[in-house]
Amino acid sequence: MSLRVTFLGTGGAVPTVERAASAVFVNREGDRFLFDCGEGTQREMMRSGTGFAVDRVFVSHLHGDHVLGIPGLVQTLGFNDRTDPLTVHCPPGTGDHLRDLVHAAGHDPAFPVRIEPVSPGEVAYDADEYAVRAFETEHRTVSQGYVLEEDDRPGRFDRPKAEELGVPVGPKFGRLHEGEPVEAEDGTIVEPEQVVGPPRPGRKLVYTADTRPRETTVEAAEDADLLIHDATFADDMADRARDTAHSTGREAGSIAARANAKRLALVHISSRYAADARPIRRDAREAFDGECLLPDDGDLIEVPFPDAD
């Protein structure tokens with residue numbers, strides 16, 4: 001069951017040659033999502049090979065570097081004869097502005113575009129095996145991050161034990177794994193807990209977008225397999241980060257450490273660091289012992305299960 005993250009835009013408010021405006025593409029076993037859609041996202045999608053088949057867009061806030069790619073993407077999807085609806089989730093109170101953006105320059109989409117505001121703490125999208133919910137962040141406007149969290153998976157099935165108890169090889173193995181007792185060959189009842197281990201956790205992906213370090217992020221990112229956090233500045237610009245409601249690499253690292261995250265990806269890198277953004281990662285590593293990534297545009301990573309060998 002794949003969970004792949006492609007960093008389409010890792011730059012700050014001003015794009016650079018190396019880094020486009022904010023956009024993260026997530027593909028969970030064929031379910032395709034965009035987290036923010038800044039200017040140039042379409043081109044980055046082509047460069048990265050993600051394709052345009054997006055099911056949902058999760059908007060963190062309405063600053064241009066996070067949403068100005070939406071009108072162009074919607075028009076391109078129409079040119080490609082899309083008929084399926086596109087759902088855009090957004091913070092409360094921003095829906096009307098997003099509708100205006102979708103209809104920029106008098107354009108009427110060729111397919112339904114559904115704008116669905118969601119408040120922090122609420123589930124934006126509830127799927128069969130996972131959900132995406134919003135959480136509160138702190139920026140200079142109404143803003144929020146998103147958590148994609150999978151349900152627990154069944155425990156490991158002990159086939160030798162099942163055979164020892166007389167369960168015939170075949171469909172009864174699957175029924176046991178799904179939590180249903182079955183009858184063994186000698187007529188005894190075998191309960192699932194006799195052959196199935198404890199539930200195994202699913203994966204957890206957290207995207208903050210632009211934010212100051214917040215306790216709500218620590219709570220939302222608890223035990224996250226991947227935390228994608230604002231790291232606009234290095235320590236040399238800590239005052240600027242505070243004044244503009246962004247985070248430094250060290251602050252992102254501290255949040256990841258407190259949340260016990262496994263991996264941290266630093267994004268929204270200021271154009272001040274166009275020549276060399278390594279100081280941001282250096283600062284983050286001093287605060288966080290886990291794997292610390294400074295992704296480039298186009299980088300793709302696979303998020304493994306917590307119990308992966």
Side-chain angles (χ1 to χ4, degrees), residues 1-11 18-38 40-60 66 69-70 73 76-77 80 82 84 86-89 124-134 145-153 200-209 220-221 223-231 252 256 259 261-269 281 290-309:
M1 186 72 71
S2 62
L3 179 58
R4 297 187 176 95
V5 178
T6 304
F7 295 91
L8 299 176
T10 60
E18 295 81 13
R19 299 184 185 275
S22 295
V24 175
F25 185 91
V26 175
N27 186 333
R28 185 199 178 273
E29 200 64 19
D31 292 347
R32 299 172 174 88
F33 306 135
L34 266 180
F35 290 86
D36 284 331
C37 184
T41 294
Q42 291 183 84
R43 191 167 188 186
E44 296 304 318
M45 294 170 87
M46 289 185 282
R47 288 177 183 272
S48 302
T50 63
F52 294 135
V54 176
D55 303 304
R56 294 171 184 269
V57 180
F58 296 88
V59 171
S60 64
H66 292 257
I70 292 176
L73 177 62
T76 295
L77 293 175
N80 289 340
R82 179 178 178 130
D84 292 338
L86 175 68
T87 301
V88 181
H89 304 276
Y125 177 53
D126 193 1
D128 289 339
E129 298 177 335
Y130 66 94
V132 181
R133 68 178 185 276
Y146 295 94
V147 179
L148 187 160
E149 186 167 15
E150 296 177 331
D151 299 340
D152 285 347
R153 297 168 294 144
R200 295 172 293 164
R203 293 162 295 193
K204 187 174 184 179
L205 168 67
V206 180
Y207 173 72
T208 70
D223 297 327
D225 296 283
L226 177 63
L227 169 60
I228 305 172
H229 199 290
D230 177 354
K262 295 176 179 62
R263 284 198 285 182
L264 168 65
L266 306 167
V267 297
H268 203 268
I269 306 302
R281 181 168 56 186
E291 185 178 358
C292 188
L293 310 172
L294 182 65
D296 294 320
D297 287 9
D299 282 358
L300 182 153
I301 64 171
E302 179 83 31
V303 181
F305 285 105
D307 58 343
D309 295 330

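Reckoned from all heavy atoms, side chains included, excluding hydrogens, waters and symmetry mates.
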Is a donor from one side chain sitting under 3.5 angstrom from an acceptor on the other, for D36 and S60?
yes
Could you tell me the separation between the NE2 atom of H66 and the CZ atom of F35, rounded to the nearest 0.5 Å?
14.0 Å
Which pair of heavy atoms, one from S2 and one from E29, lies closest together, and at what distance?
N-OE1, 2.7 Å
Validation row: P201, D307 side chains within 4.5 angstrom (heavy atoms):
no
Do R153 and F305 meet the cation-pi criteria used here (NZ or CZ under 6.0 Å from the six-membered ring centre, within 45° of the axis)?
yes
Roughly how far apart are D31 CG and Y125 OH, rounded to 0.5 Å?
5.5 Å
Looking at A220, is its backbone amide N or carbonyl O close enough to the side chain of K204 to form a donor-acceptor pair, meaning the two atoms are under 3.5 Å apart?
yes
Apply salt bridge (charged side-chain N to carboxylate O under 4.0 Å, His left out) to E18 and list each qualifying residue two or more places apart in sequence or on a separate chain.
none
Any donor-acceptor pair under 3.5 Å from E302 side chain to R4 backbone:
no
Indicate the atoms forming the closest heavy-atom contact of T6 with G298, along with that distance.
CG2-O, 4.3 Å
Between L266 and C292, which heavy-atom pair has the shortest distance, and what is it?
CD1-SG, 3.7 Å
Gap separating the CZ atom of R19 from the OG1 atom of T10, nearest 0.5 angstrom
4.0 Å
May I ask you to test the M1-R28 pair for a side-chain heavy-atom distance under 4.5 Å?
yes
Check step by step if side chain to side chain contact (heavy atoms under 4.5 Å, CB included) holds for V132 and R56.
CA-CA 11 Å; V132 181; R56 294 171 184 269; over 6 Å; no
Restricting to non-hydrogen atoms, name the atom on V59 and the atom on Y146 that form the minimum distance, rounded to 0.1 Å.
O-OH, 2.6 Å
Using every non-hydrogen atom in the two residues, find where G30 and D55 come nearest and quote the distance to one decimal.
O-OD2, 3.9 Å
Set of residues satisfying side chain to side chain donor-acceptor pair (under 3.5 Å) with respect to R203, sequence neighbours excluded
E150
From CA spacing to verdict: side chain to side chain contact (heavy atoms under 4.5 Å, CB included), M45, L73:
CA-CA 10 Å; M45 294 170 87; L73 177 62; 4.2 Å; yes
Derivation and outcome, side chain to side chain contact (heavy atoms under 4.5 Å, CB included), residues L8 and S48:
CA-CA 7 Å; L8 299 176; S48 302; 3.7 Å; yes
First locate atom CG of L264, then atom CZ of R281, and finally report the distance between them rounded to the nearest 0.5 Å.
11.0 Å
Rounded to the nearest 0.5 Å, what separation is found between the CG atom of L205 and the CZ atom of F33?
10.5 Å
CZ (R43) with more than 12 external heavy atoms under 6.0 Å:
no
Walk me through whether T41 and F25 qualify under side chain to side chain contact (heavy atoms under 4.5 Å, CB included).
CA-CA 10 Å; T41 294; F25 185 91; over 6 Å; no
Kindly give the heavy-atom pair with the smallest separation between L227 and A221, and that separation in Å.
CD1-CB, 4.1 Å
Check whether any side-chain heavy atom of V26 lies under 4.5 Å from a side-chain heavy atom of V303, and answer yes or no.
no
Between N27 and R32 (side chain of the first, backbone of the second, donor and acceptor by atom type, cut-off under 3.5 Å), is there such a pair?
no
Find the distance between CD1 (I228) and OG1 (T208) and round it off to the nearest 0.5 Å.
8.5 Å
Indicate yes or no: does D225 engage K262 in a salt bridge with an N to O separation below 4.0 Å.
yes
